[in-house]
Amino acid sequence: MTATIKANDQCFCGSGRKFKRCHKTSFDPIRPGTVGPLREVPDGIDLPPYVTEGEVIRRPEPAVKSPDVIERMRRTAADAAKVLALTGAAAEPGVTTDELDRICHEATVGLGAYPSPRLYGEPPFPKSICSSLNEVICHGIPDDRELRDGDILNLDVTIFREGVHGDTNRTFLIGEVDPESKRLVRVTLECLERAIETVKPGAPFNGIGSAIQSHAEAAGFGVVRAFVGHGIGEQFHTDIHIPHYYEPRLTTTMEPGMTFTIEPMITVGAYDHQVWDDGWTAVTIDRKRTAQFEHTILVTDDGAEVLTAWPD
Ligand code: MF3
Ligand code: CO
Ligand code: CO
């Protein structure tokens, strides 16, 4: 006979907490849901080249942006942050990730912008936002799954307007979340903040990963290696790669006018991953939880400007 442990029973591990607040999550993996149709983009919104060309063709793009590109990036990135805030405000138990995709999509096109994930990459990403729950590291596809009390949800918004992208993400707590997951989310945000503090002209790019890895590991957490921060501007991803772990060989230094993302993914357990058959959804190998925060950053004459500063 198999005894069934109910959500409100005491956890088997002896913690004294309810099962649903303790070990339930690791026995309840996220499963692929039903993905709705691609959302329409109204006429008059400029499409990025990968949509009109049907594939991502990398072009040379200067790492140091012109004042004109920087001005456009300031405006686009600030609106990406607004879209993320208003989409996140709707994230609560019972709401589907597809509904959050609708909110993001409509807010983005309402601002005259294109939702960059839509039709990006291979296979073409089928939705307008990335929604990554619990053990999903990144690139989760919105579907008909309803958010549940105790989930942690990363929403990653990128928008394209005036010929440039702005990219930002946050992890939201859904209802009442267990203490260990809350600590994961807090430490992950601290990792991003500490990494931003290293940004200034002449600083080595490897200082970013160093700051993140030391803080995460001191808290007993892991740092995902397989997904990195990236140069951004007229293209969603340029050839600048920014690991979130310490990479001693990465001694190149920052210059004023460079724009890139920092987006640490931090894990409770192992940092290795698997990708679902959908070609996108990346989950932790042990199905333990993971969190992420992301900003688009400009190197200024004396430090960093956070182009995607969240309004709230
Ligand atoms: N926004 C993600 C990043 O931070 C990239 C998403 S690619 C997509 O780089 F196609 F899934 F949207
Ligand atoms: Co990014
Ligand atoms: Co992103």
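Whatever order the structure lists ligands and atoms in, that order sets their numbers, starting from 1. Everything numeric here is computed off the predicted structure, so don't read it as measured data.
For Glu40, the CD atom sits in a loose shell: 12 or fewer heavy atoms of surrounding residues, nucleotides or ligands are nearer than 6.0 Å. Atom CG of Asp312 is surrounded by more than 12 heavy atoms from other residues, nucleotides or ligands within 6.0 Å. Atom CG of Asp277 has 12 or fewer neighbouring heavy atoms from other residues, nucleotides or ligands inside a 6.0 Å radius.
A side-chain donor-acceptor contact under 3.5 Å links Asn154 to the backbone of Arg170. Distance alone, capped at 3.5 Å, is enough to place a donor-acceptor pair between the Asn134 side chain and the Ile152 backbone.
When side chains are defined from C-beta on, His295 does not count as touching Glu263, because their heavy atoms never get closer than 4.5 Å. In this structure, the side chains of Arg145 and Arg148 come closer than 4.5 Å at one or more pairs of heavy atoms.
Counting only protein atoms, the N, O or S atoms lying less than 2.8 Å from the Co ion (ligand 2) are Asp167 OD2, His230 NE2, Glu263 OE2, Glu294 OE2, ordered by chain and residue number.
Heavy atoms of Cys130 approach ligand 1 to within less than 4.0 angstrom. Residue Thr261 places no heavy atom under 4.0 Å from ligand 1. By the 4.0 Å heavy-atom criterion, Phe236 is counted among the residues contacting ligand 1. Using 4.0 Å as the threshold, Arg118 has no heavy atom nearer than that to any atom of ligand 1.
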Could you go through Asp143 and Thr34, starting from their C-alpha distance and side-chain angles, then the distance that decides it, and tell me whether this counts as side-chain contact (heavy atoms from CB on, under 4.5 Å)? CA-CA 5 Å; Asp143 63 20; Thr34 302; 5.7 Å; no
Go through Asp9 and Lys20 one step at a time and tell me if the salt bridge (Lys or Arg N to Asp or Glu O under 4.0 Å) criterion holds. CA-CA 8 Å; Asp9 291 349; Lys20 72 176 179 190; over 6 Å; no
Please evaluate residues His273 and Phe227 with respect to the criterion ring pair (Phe, Tyr, Trp, His ring centres under 6.0 Å), reporting the C-alpha separation (whole Å), side-chain torsions for both, the decisive distance (0.1 Å), and the verdict. CA-CA 10 Å; His273 79 285; Phe227 303 95; 5.0 Å; yes
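Of all atoms in ligand 1, listed by their number and element, those nearer than 4.0 Å to a heavy atom of His237 are 3 (C), 5 (C), 9 (O). Below 4.0 Å from some heavy atom of Glu263 lie the following atoms of ligand 1, by number and element: 3 (C), 4 (O), 9 (O). In the vicinity of Thr158, heavy-atom distances shorter than 4.0 Å reach the ligand 1 atoms 1 (N). The ligand atoms of ligand 1 that sit less than 4.0 angstrom from a heavy atom of His230 are 3 (C), 4 (O), 9 (O).
With 3.5 Å as the limit, one finds a donor-acceptor pair spanning the side chains of Asp167 and Thr158.
The existence of a salt bridge linking Arg39 and Asp101 is confirmed by a sub-4.0 Å separation between a basic side-chain nitrogen and an acidic carboxylate oxygen.
Of the protein's heavy atoms, Pro117 CB, 3.0 Å lies nearest to atom 12 (F) of ligand 1. Nearest protein heavy-atom neighbour of atom 3 (C) of ligand 1: Asp167 OD2, 3.3 Å. Regarding atom 1 (N) of ligand 1, its nearest protein heavy-atom neighbour is Asp156 OD2, 3.0 Å.
Every N/O-N/O distance between Trp280 and ligand 1 stays at or above 3.5 Å. Remark: ligand 1 and His139 share no N or O pair separated by less than 3.5 Å (distance only, no angle test).
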